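Here the structure comes first, spelled out in structure tokens, and everything after it is commentary.
The model shown is predicted, which means the values in this text are computed figures rather than measured ones.
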Amino acid sequence: MDVPIGSDEWPARSLLGMLSPPARQDLLGLGTEVRFDVGDVLLREGDSDQHVLLLVSGFAKVTATVENGETSLLAVRTAGDTVGEMAAMSGAPRSATVTACGPLTACVSQSGELRRLLERRPVISMALTGMVADRLRWANRRRLDFRGYPAKVRLARLLVELAESYGSPRADGVVIGCRLTQPELATMVGAAETTIHKVLREMRDEGLLETGYGSTTIRDLPELERLADLRPTRGPSANSRTWIAPDR
């Protein structure tokens, strides 16, 4: 079975990262391992199937169709996360589409299997509930950001949160293995694509970001956090964080 990108462990905020080794093995032993290629759809909005996928390696994008028919990026999911648990637990149709950002491995299990495991292992049930609560808090923060901050601050907050939530520490920073396009970044921060293009250029000119082919390095994380109105990051990679850049 594959390991998460660039790490021997799953991100601390992911479901697998929150579990003890025995509980983690129980969850990893559930279902069947399936591999996906970039662009493959794991779950489709509106479908009535109720299986759950536990991401073992790789990244996926969560999108939904808004009223005007356009597609909006809602979130990014990485190794250690589950997708599809809401429909599995509620029986409702899928509320979003989940698409692989690159090569991805997942354990696919039916809702009944998950329910039986949760009954047998309350610690997993509590961790899953906590993860869902964290996602709701994240969504609420996005809505508050839309009302209270200009686009540049909203983008800075998003970049810092992506690095902290989905970063894989390296010697030169923290790498995020999922590429986000400028339109996707725009939907996540509630801004026009032209605005995001302008803000990214400003951040590069100000020395906050350095862009390369397929990647961007956050060169001045403390300043980016100040711009984002966030507390300084603590940890071994506080001076430089790297994530996979939006397509240009």
Side-chain angles (χ1 to χ4, degrees), residues 1 3-4 7 9-34 42-64 72-100 104-145 157-158 160-168 176 178 188 230-231:
M1 182 175 292
V3 298
S7 175
E9 297 181 357
W10 286 270
R13 297 186 187 183
S14 69
L15 179 60
L16 287 177
M18 291 187 287
L19 294 175
S20 65
R24 186 182 302 144
Q25 286 304 119
D26 283 349
L27 189 57
L28 287 168
L30 198 66
T32 304
E33 182 177 312
V34 179
L42 284 66
L43 302 171
R44 194 176 300 278
E45 183 179 2
D47 283 358
S48 58
D49 50 39
Q50 295 180 10
H51 59 277
V52 182
L53 294 97
L54 173 66
L55 306 187
V56 178
S57 68
F59 281 82
K61 299 176 185 178
V62 183
T63 59
S72 177
L73 178 67
L74 302 180
V76 176
R77 299 288 179 249
T78 187
D81 285 335
T82 58
V83 293
E85 71 282 343
M86 298 298 289
M89 302 307 294
S90 68
R94 302 290 186 191
S95 59
T97 295
V98 180
T99 307
L104 182 152
T105 302
C107 290
V108 182
S109 58
Q110 299 303 313
S111 59
E113 294 179 284
L114 177 63
R115 288 175 182 272
R116 287 189 290 273
L117 177 62
L118 296 181
E119 291 173 356
R120 189 173 75 252
R121 289 288 249 161
V123 65
I124 300 178
S125 179
M126 293 176 63
L128 181 61
T129 300
M131 184 191 69
V132 172
D134 284 343
R135 291 177 179 177
L136 291 175
R137 280 193 291 270
W138 191 89
N140 286 337
R141 285 200 301 272
R142 294 281 72 71
R143 286 191 286 270
L144 291 173
D145 286 351
R157 293 172 73 89
L158 176 63
V160 171
E161 289 188 12
L162 286 174
E164 292 180 347
S165 297
Y166 300 112
S168 178
I176 300 297
C178 181
M188 288 194 82
L230 296 169
R231 290 195 301 266

Report task. Indicate the atoms forming the closest heavy-atom contact of Ala96 with Val62, along with that distance. Result -> CB-CG1, 3.6 Å
Query raised in the report: Going through the distances and angles, do Leu16 and Leu54 end up as a side-chain contact (heavy atoms from CB on, under 4.5 Å)?
Result: CA-CA 9 Å; Leu16 287 177; Leu54 173 66; 4.0 Å; yes
**Report entry** side-chain contact (heavy atoms from CB on, under 4.5 Å) partners of Ser20, counting only residues at least two apart
**Finding:** Pro22, Ala23
Query raised in the report: Taking side chain as C-beta onward, heavy atoms only, is Leu104 less than 4.5 Å from Leu42?
Result: yes
**Report entry** All salt bridge (charged side-chain N to carboxylate O under 4.0 Å, His left out) counterparts of Arg135, not counting sequence neighbours
**Finding:** Glu85
Query raised in the report: Rounded to the nearest 0.5 Å, what separation is found between the CZ atom of Arg24 and the CD1 atom of Ile124?
Result: 11.0 Å
Query - Smallest separation among heavy atoms of Pro93 and Gly46, with atom names - result: CB-O, 3.8 Å
Report task. Let me see the working for Leu30 and Cys107 under side-chain contact (heavy atoms from CB on, under 4.5 Å), right down to the final yes or no. Result -> CA-CA 7 Å; Leu30 198 66; Cys107 290; over 6 Å; no
Query raised in the report: Please walk me through it: do Asp81 and Met131 pass side-chain contact (heavy atoms from CB on, under 4.5 Å)?
Result: CA-CA 9 Å; Asp81 285 335; Met131 184 191 69; 4.3 Å; yes
**Report entry** Minimum side-chain heavy-atom gap Leu53-Val98 below 4.5 Å
**Finding:** no
Requested in this report: State, with a plain yes or no, whether a side-chain heavy atom of Leu27 is found less than 4.5 Å away from one of Leu117.
Outcome: yes
Report summary line: Taken to the nearest 0.5 Å, the spacing of Glu33 CD from Leu28 CG works out to 9.5 Å
Query - Minimum side-chain heavy-atom gap Thr105-Val34 below 4.5 Å - result: no
Report task. Indicate yes or no: at least one non-hydrogen side-chain atom of Thr82 is less than 4.5 angstrom from one of Leu55. Result -> no
Query raised in the report: What's the shortest heavy-atom distance between Ala92 and Ala87, and which atoms?
Result: O-CB, 3.3 Å
Requested in this report: Please collect all side-chain hydrogen bond (donor to acceptor under 3.5 Å, both in side chains) contacts where either partner lies in residues 113-129, sequence neighbours excluded, each pair once.
Outcome: Asp26-Arg121
**Report entry** Partner residues of Thr97 under the side-chain contact (heavy atoms from CB on, under 4.5 Å) criterion, sequence neighbours left out
**Finding:** Val41, Arg44, Glu45, Thr63, Thr99
**Report entry** Side chain proximity check, Gln110 to Gln50, heavy atoms < 4.5 angstrom
**Finding:** no
Query - side-chain hydrogen bond (donor to acceptor under 3.5 Å, both in side chains) against Asp49, all qualifying residues, sequence neighbours excluded - result: Arg94
Query raised in the report: Take atom CE in Met86; do more than 12 heavy atoms of anything else shown fall under 6.0 Å from it?
Result: no
